4 protein chains.
Amino acid sequence: MDASILTIQPGSPEPIYRQIVEQLRRLIAGGQLRAGELLPSVREVAGFHAINPMTVSRAYGLAENDGLLERQRGKGMVVATSDNASHNQGARLRLLEPHLQQAARHAHELELPAEKVLRRLQQLLED
Amino acid sequence: MDASILTIQPGSPEPIYRQIVEQLRRLIAGGQLRAGELLPSVREVAGFHAINPMTVSRAYGLAENDGLLERQRGKGMVVATSDNASHNQGARLRLLEPHLQQAARHAHELELPAEKVLRRLQQLLED
Amino acid sequence: MDASILTIQPGSPEPIYRQIVEQLRRLIAGGQLRAGELLPSVREVAGFHAINPMTVSRAYGLAENDGLLERQRGKGMVVATSDNASHNQGARLRLLEPHLQQAARHAHELELPAEKVLRRLQQLLED
Amino acid sequence: MDASILTIQPGSPEPIYRQIVEQLRRLIAGGQLRAGELLPSVREVAGFHAINPMTVSRAYGLAENDGLLERQRGKGMVVATSDNASHNQGARLRLLEPHLQQAARHAHELELPAEKVLRRLQQLLED
DNA sequence: GTGGTCTAGACCACG
DNA sequence: GTGGTCTAGACCACA
């Protein structure tokens, strides 16, 4: 597994370690990372994205705490065998829900017509 | 103007002062707060939402720095006379853009079909 | 609240940050730390026990993740309002269970008579 | 001697090699493994418990260093001829002491009555 | 090789 | 004042 599966935005207000955890959560739920799959090592990720290994290590540790990853001693971290429940579309949509709610609230405050907002999101989704 | 125009989410990772500033920016751009309109006092807002007055004061100060509000001696803060440019639909859509981009990226990581995402956002926008 | 509520054993194989988390869990379950109580600050604990502030911070963060503590912005960490379920004697005994099981297994491997083991534990409990 | 004398808990925070060494120490002190007795081979233990042979080998090496085992060329590892001192009850109780102390400390933090703790340990010892 | 822990110290965010 | 994040680097534990 390549360190390039992860995307890091260094300038974001969201801390790097949490970007990693949440991204892993989504990639696993979405099936792009499958149970048992070996993740890139802490050092690989840190080197590839030019961040501190401890930051990656912290993310991996939290993801393990959350049941997303499992430590395989001497080998590295692998994707945990998750309950199938977290893979169905409803569960995945629920992970997106807060963002959609926020977008809707903001659109309302901006008095933007629903049609415009939806069209723009559609464009972005088509990439 | 009533302190209830503002919605505060105390548990959010987004700091309270920024919730206020960004919400003011959107309400002004969207026309729900008009130039010259008097804002609720720091004490009113703080009391109503049970938050620290200093937090509200800081938000108002930053909003003033951003040219969103103006201090009127003896009266309080009023909505500044803004250039018309910030009211047009393109500008307003641009304020929403980052959230839409983030939602699109997450939807992609979750392997969610565009159609489902758009339908859910449409529901939320219809409230 | 004094930094002396926490006991740290620097030489233990159990990492310091986990010693803190688990100790907090027990002190809260046992009622020695009550809901809403303010914990000693990261810097206080670190200074008192001569350990690195980040180690304490890490423990506090994990305890927050576990729902043991809550961050009160600008004030510090307070004991979370826990469900009463975790305070009853059964739940508390369950937190001790793994240690008792391990002790029993070891006593068995050592072929020690139950009576001797129980008498020694009784002595230790009477302190 | 069968590989089933050893109990391994792969998920435990205690490293596997140390589980083995300490368990050997107790089984020998308790007399369940007697001087001269042949231990199961590294391969047998590793195969039976599905762990890495190197881990078993390391454990055997450390146990040899500690004077618990002796390497007999062409045969394998046998239980060393130990001084009688390590077999007396006081010495065996001393091996259990740290666990009992820890249990007592935790019980105290949990504000559990001594009587309940002792009764539970008694139950577990009766297995 | 893998991840884990801890330190020392800088800097930021928040109230 | 509070906690949070990140870095740089040392050292350990494990397979």
Side-chain angles (χ1 to χ4, degrees), chain A residues 8 10-20 38-46 49-65 69-78, chain B residues 10 12-20 46 51-59 61-62, chain C residues 8 10-20 38-46 49-65 69-78, chain D residues 10 12-20 46 50-59 62:
Chain A
I8 305 295
S12 164
E14 189 179 16
I16 294 173
Y17 77 87
R18 202 173 311 161
Q19 289 182 41
I20 295 175
L38 186 64
L39 287 163
S41 78
V42 166
R43 292 158 170 89
E44 267 181 281
V45 175
H49 291 103
I51 57 181
N52 191 296
M54 202 190 188
T55 303
V56 182
S57 179
R58 189 179 178 186
Y60 276 14
L62 288 172
E64 186 192 13
N65 246 17
L69 304 183
E70 278 168 8
R71 259 177 55 201
Q72 218 153 66
R73 304 208 250 204
K75 267 184 77 177
M77 305 294 276
V78 300
Chain B
S12 164
E14 188 179 12
I16 294 171
Y17 81 89
R18 202 177 308 165
Q19 289 183 41
I20 296 176
I51 57 181
N52 194 314
M54 208 203 282
T55 306
V56 182
S57 179
R58 186 181 182 186
L62 289 171
Chain C
I8 305 294
S12 164
E14 189 180 15
I16 295 173
Y17 77 87
R18 202 174 311 162
Q19 289 182 40
I20 295 176
L38 186 64
L39 286 163
S41 79
V42 166
R43 291 157 171 88
E44 268 182 278
V45 175
H49 292 101
I51 56 180
N52 190 294
M54 201 189 188
T55 303
V56 183
S57 179
R58 189 178 178 186
Y60 276 15
L62 288 172
E64 187 191 13
N65 247 15
L69 304 183
E70 278 168 8
R71 259 177 55 202
Q72 217 153 64
R73 304 208 249 204
K75 268 184 75 178
M77 305 293 276
V78 300
Chain D
S12 165
E14 189 180 11
I16 294 171
Y17 81 89
R18 202 177 310 164
Q19 290 183 40
I20 296 175
I51 57 181
N52 194 314
M54 207 203 283
T55 306
V56 182
S57 178
R58 185 182 181 186
L62 288 172

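Just so it is clear, the model here is predicted, and its values are computed rather than measured.
A heavy-atom distance below 4.5 Å is found between the side chains of A:Leu62 and C:Leu62.
If you check every strand for non-hydrogen atoms under 4.0 Å, C:Asn52 touches a base. When heavy atoms are screened at a 4.0 angstrom cut-off, C:Ile16 is found touching the sugar-phosphate backbone but no base atom. Across all strands shown, A:Arg58 has heavy atoms under 4.0 Å from sugar-phosphate atoms exclusively, and none from any base.
Rounding to whole angstrom units, NZ of residue A:Lys75 and C1' of F:dA13 are separated by 19 Å.
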Check the pair A:Arg73, D:Asn52 against side chain to side chain contact (heavy atoms under 4.5 Å, CB included), reporting the backbone distance first and the verdict last. CA-CA 10 Å; A:Arg73 304 208 250 204; D:Asn52 194 314; over 6 Å; no
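When each of C:Arg73 and A:Arg43 is assigned the nucleotide of DNA chain E bearing its nearest heavy atom, the one mapping closer to the 5' terminus is A:Arg43. Taking the nucleotide of DNA chain F with the nearest heavy atom to each of A:Pro53 and D:Glu14, the more 5' of the two is matched to A:Pro53. Heavy-atom distances to DNA chain E give each of C:Met54 and B:Thr55 a nearest nucleotide, and the one nearer the 5′ end belongs to C:Met54. Place C:Gly74 and A:Arg71 on DNA chain F by their nearest nucleotides, and C:Gly74 ends up nearer the 5' end.
Minimum interatomic distance between B:Gln19 and B:Glu14 (heavy atoms only, all atoms of both residues): NE2-O, 2.9 Å. The shortest non-hydrogen separation linking A:Leu38 to A:Lys75 is CD1-O, 4.1 Å. Nearest heavy-atom pair across A:Ile8 and A:Ile20 is CD1-CG1, 3.6 Å. Counting all heavy atoms, side chain and backbone alike, A:Tyr60 lies closest to A:Pro40 at OH-O, 2.7 Å.
Using a 4.0 Å cutoff to heavy atoms of chain C, the contacted part of DNA chain E runs 5' to 3' from E:dT5 to E:dG15.
Base pairing analysis places E:dG3 opposite F:dC12; the two distances defining the Watson-Crick or G-U wobble pair are each below 3.5 Å.
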